[in-house]
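These notes concern the structure reproduced below.
Keep in mind that what you see is a predicted model, and the values were worked out from it rather than measured. Side chains included, hydrogens not; waters and symmetry mates left out as well; all remaining heavy atoms used.
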Amino acid sequence: TQVFRNTEDRIVEGLYTFPVPRNASVAGFSMWIGGKEMIGEVVEKQAAREIYNSYKAVNRDPGVLEQTDFRTFELRIFPIAPKAQQKVQVTYYQELDSDGEWTSYVYPLASNVRQTINSRVTKSFSMTVDVKSRLPIEEMRSPSHSRDLHATRYSPTYCQAVIGANSAALDRDVVIDYRLAKAQTGAALVASTPANTDGYFCLMLSAGDELKPAAVGMDYVFLLDVSGSMRDDDKIGQSRGTLGAFVNMLTDEDRFDCLAFNTASVSAFHDLAPADDVHKKSANDFLASRKAHGGTNLNAALAAAYRYAQPGRTLNVVVISDGLTEQAQVPMLQRMVNRRPIDSRILCVGVGNDVDRTLLQEMADGSGGLAAFVSADDDFARQAMALHCKLARPAITDINVSIAGIPVHDVEPPRMRNLFNGIPLRVYGRYGTAGPAQVTLTGKVDGKDWSQTFPVAFPLQADADPEIERMWAMRRIERLRNDPAGLSMSGVDQIVRLGEGYSIATEYTSFIVLENDAAYAKWKIAQRNAMRLTQDRDARAQLEEELKALRKKAPGGLGDPSAAPANADASGSMQPPPAATALTNPNPASPGLHLGGAMDPTYLLLVLGMSGLAVATWKCKGGSTVGSNN
């Protein structure tokens with residue numbers, strides 16, 4: 001929720017550009033007009049722009065929110081009257097990344113649109129993250145703000161992290177990691193059952209440690225992107241840190257080489273070298289000497305990596321890049337992925353916030369590999385260890401998921417990726433009737449047939465997780481958008497219908513806010529999102545009440561700290577809240593719990609309070625604004 005103030009003596013139009021995290025879906029845009037919240041609705045993009053311009057011409061109060069590319073959104077507001085304030089709210093939901101027992105939340109705070117902006121806040125910066133899980137939370141930490149974090153366990157399954165700092169800079173991402181009980185191979189379900197329609201579900205399938213590690217070493221060719229775009233936001237530094245940590249994780253049985261590429265490739269060893277201390281040091285020296293400049297030719301780099309393939313050895317081609325390449329090269333990249341050698345796969349590591357996640361994920365999925373995305377403020381060593389652990393154990397390939405006992409339909413994705421140790425496979429779909437079901441997962445492990453069956457209950461009534469409905473629609477939109485055959489007109493029509501029906505901003509749909517209900521009626525815009533957000537807010541309010549009750553029950557007389565959002569003393573300095581249990585030294589003997597044999601879903605409620613962010617990223621035409629963000 002942000003409040004912008006026009007400091008000029010004239011009317012201005014505001015243009016606010018902001019990124020959203022990976023796997024996120026913008027689900028709400030509201031403006032306060034005449035003291036009343038007007039909730040935005042999603043319509044076809046060109047229609048939204050035409051409506052906005054028609055109101056702008058007569059100095060009325062419209063707002064429009066558009067997706068500008070694969071990673072950023074723009075919010076336009078007009079008019080902001082002289083010396084007036086404008087309150088807006090943007091809501092998004094996201095799917096968090098999991099690596100083994102660890103789950104990461106990244107808030108992309110490092111998003112200045114101009115390098116000259118002063119990113120320091122004038123007073124204090126604070127952020128509170130509440131994590132509610134169905135499994136005990138054993139540890140919580142922040143690689144980005146370790147000195148400013150205080151984590152408290154109010155119950156075995158509810159923990160709160162508070163980050164607070166004075167005179168903080170808003171040029172670093174906020175990264176929070178938390179660790180749950182170890183997963184085993186199994187299945188877990190989250191569902192939502194809206195009235196008068198079929199239910200929605202998210203089925204999470206996990207491969208646990210019972211799959212034995214590979215007996216022999218593997219071959220690695222690391223492709224480090226050193227093109228000019230990697231200079232931005234020190235992505236080249238992040239890449240060196242990630243790759244160097246990965247190299248240090250290799251075992252004596254592994255072999256490797258490092259190639260730095262822009263329009264051409266340069267090799268460290270010109271052959272596969274043993275992963276001993278001498279070659280690891282040489283590799284890190286080679287990486288430290290690389291500078292970012294020039295264009296990008298990932299096709300040629302992949303062709304060079306393929307020449308390392310040898311019979312009887314698995315070849316892992318690890319691409320460390322932002323994925324920012326010429327659009328004309330994308331079809332050639334898809335063909336190059338399909339031409340990879342036998343027993344090889346591509347792993348893509350995206351660095352920074354300005355990264356083409358879709359391209360890197362498609363390359364990984366198309367080769368039977370995996371993709372990971374790291375922030376500048378991530379723990380590179382932990383990320384590298386997690387990747388290496390996944391590769392050291394055999395993946396379950398040729399995955400097929402079948403559900404018996406109840407009818408399901410509209411399953412996303414229709415074709416499953418490989419299942420790696422530690423990365424849950426999320427399957428979304430619809431179901432008509434409730435009841436017990438059997439989920440059978442089949443595939444191959446080391447070329448041999450593999451199968452397991454798990455019991456799962458599909459609920460008759462489930463209203464705590466309405467976000468599942470929107471995430472199902474977002475998955476379907478992603479598949480339609482990434483169709484390698486090209487996006488047909490029918491595909492665009494489906495995306496528009498899904499965007500309008502589930503209130504999702506896409507390249508083809510936008511949010512529009514009008515001044516009153518009569519204006520929506522005039523343009524024949526159904527107010528679907530007003531009803532959907534009411535449902536979502538009711539569920540969130542129920543969760544907030546549950547968390548408040550847990551805080552009150554916590555031992556040590558904690559009371560209810562919810563009224564103190566910044567936990568600040570009289571001077572404004574951040575003080576850690578009284579703790580039921582501090583998570584800085586987690587108890588290694590904490591009891592594990594496996595529900596359904598798999599890592600269960602985690603609910604995360606985020607409350608963000610800061611000053612200075614809007615100033616850093618707000619642009620206006622014909623004037624200036626000052627903003628505050630909560």
Side-chain angles (χ1 to χ4, degrees), residues 22-23 25 70 95 187-192 197-207 330-331 334-335 337-338 345-346 348 357-371 395-420 423-433 437-444 449-454 456 458 467-499 501-502 504 506-508 598 601:
R22 178 174 179 255
N23 296 334
S25 165
F70 58 84
E95 208 176 63
L189 185 91
V190 178
S192 178
T197 186
D198 286 354
Y200 298 78
F201 70 86
C202 174
L203 180 67
M204 284 166 285
L205 305 165
S206 301
V330 173
Q334 293 169 337
R335 290 193 292 271
V337 169
N338 293 332
R345 56 195 174 191
I346 299 173
C348 295
R357 305 180 184 99
T358 300
L359 175 63
L360 297 178
Q361 189 71 58
E362 285 180 358
M363 289 177 58
D365 290 345
S367 67
L370 54 90
I396 305 175
T397 62
D398 300 331
I399 291 286
N400 182 66
V401 179
S402 61
I403 300 174
I406 66 166
V408 299
H409 59 95
D410 293 334
V411 173
E412 295 291 341
R415 184 173 67 88
M416 306 297 166
R417 64 164 173 81
N418 292 343
L419 182 56
F420 287 89
I423 301 182
L425 176 63
R426 295 181 173 101
V427 180
Y428 289 86
R430 309 286 306 275
Y431 69 99
T433 59
Q438 298 291 318
V439 176
T440 300
L441 181 63
T442 62
K444 292 183 179 296
D449 291 339
W450 177 92
S451 176
Q452 283 198 25
T453 299
F454 315 98
V456 175
F458 285 75
E467 301 88 356
I468 295 298
E469 303 166 24
R470 206 179 254 109
M471 298 306 293
W472 168 84
M474 192 63 194
R475 282 299 183 92
R476 174 151 289 198
I477 288 172
E478 287 177 356
R479 178 172 60 81
L480 292 168
R481 186 172 52 200
N482 300 331
D483 185 353
L487 199 60
S488 64
M489 286 303 297
S490 62
V492 172
D493 290 342
Q494 289 184 64
I495 290 176
V496 170
R497 288 198 300 272
L498 287 164
Y502 291 86
I504 298 173
T506 70
E507 296 97 323
Y508 307 99

With a 4.5 Å limit on heavy-atom distance, are the side chains of [X] and [Y] in contact?
X: Leu498; Y: Met474; answer: no
X: Arg426; Y: Leu203; answer: no
X: Tyr428; Y: Phe201; answer: no
X: Val401; Y: Met416; answer: yes

Worked check of side-chain contact (heavy atoms from CB on, under 4.5 Å) between Thr442 and Ile399: CA-CA 6 Å; Thr442 62; Ile399 291 286; over 6 Å; no

Verdict with reasoning, Val439 to Thr453, per side-chain contact (heavy atoms from CB on, under 4.5 Å): CA-CA 6 Å; Val439 176; Thr453 299; over 6 Å; no

Output the distance between atom [atom1] ([X]) and atom [atom2] ([Y]), rounded to the nearest 0.5 Å.
X: Arg417; Y: Thr397; atom1: CZ; atom2: OG1; answer: 13.0 Å
X: Ile495; Y: Glu478; atom1: CD1; atom2: CD; answer: 10.5 Å
X: Leu189; Y: Phe454; atom1: CG; atom2: CZ; answer: 13.5 Å

[X] to [Y] - nearest heavy-atom pair and separation:
X: Met363; Y: Val337; result: O-CG1, 3.8 Å
X: Ala364; Y: Cys348; result: N-SG, 4.2 Å
X: Ala187; Y: Leu205; result: CB-CD2, 3.6 Å
X: Leu360; Y: Ala371; result: O-CB, 4.2 Å
X: Leu480; Y: Gly491; result: CD1-O, 4.2 Å
X: Arg470; Y: Ser25; result: CD-OG, 4.0 Å

Verify side-chain contact (heavy atoms from CB on, under 4.5 Å) between Tyr502 and Trp472, making sure each step is shown before the conclusion. CA-CA 10 Å; Tyr502 291 86; Trp472 168 84; 3.4 Å; yes

Which is it for Leu441 and Leu419 under the side-chain contact (heavy atoms from CB on, under 4.5 Å) test, yes or no, and what are the steps along the way? CA-CA 10 Å; Leu441 181 63; Leu419 182 56; 3.9 Å; yes

Residues in side chain to side chain donor-acceptor pair (under 3.5 Å) contact with Ser192, at least two apart in sequence or another chain: Glu469

Has Ser367 got a side-chain atom pairing as donor or acceptor with Ile346's backbone, closer than 3.5 angstrom? yes

Backbone N/O of Gly368 and side chain of Asn418: donor-acceptor pair under 3.5 Å: yes

Side-chain donor-acceptor contact under 3.5 Å, Arg481 with Thr358: no

Pairing donors with acceptors under 3.5 angstrom, does anything connect the side chains of Gln334 and Asn338? no

I'd like a table of donor-acceptor pairs (distance under 3.5 Å, sequence neighbours excluded) in which one partner is a side-chain atom from residues 403-414, with atom names and distances.
{"residue": "His409", "atom": "NE2", "partner": "Asp198", "partner atom": "OD2", "Å": "2.8"}
{"residue": "Glu412", "atom": "OE1", "partner": "Arg479", "partner atom": "NE", "Å": "2.8"}
{"residue": "Glu412", "atom": "OE2", "partner": "Arg476", "partner atom": "NE", "Å": "2.7"}
{"residue": "Glu412", "atom": "OE2", "partner": "Arg476", "partner atom": "NH2", "Å": "3.0"}
{"residue": "Glu412", "atom": "OE2", "partner": "Arg479", "partner atom": "NE", "Å": "3.2"}
{"residue": "Glu412", "atom": "OE2", "partner": "Arg479", "partner atom": "NH2", "Å": "2.8"}

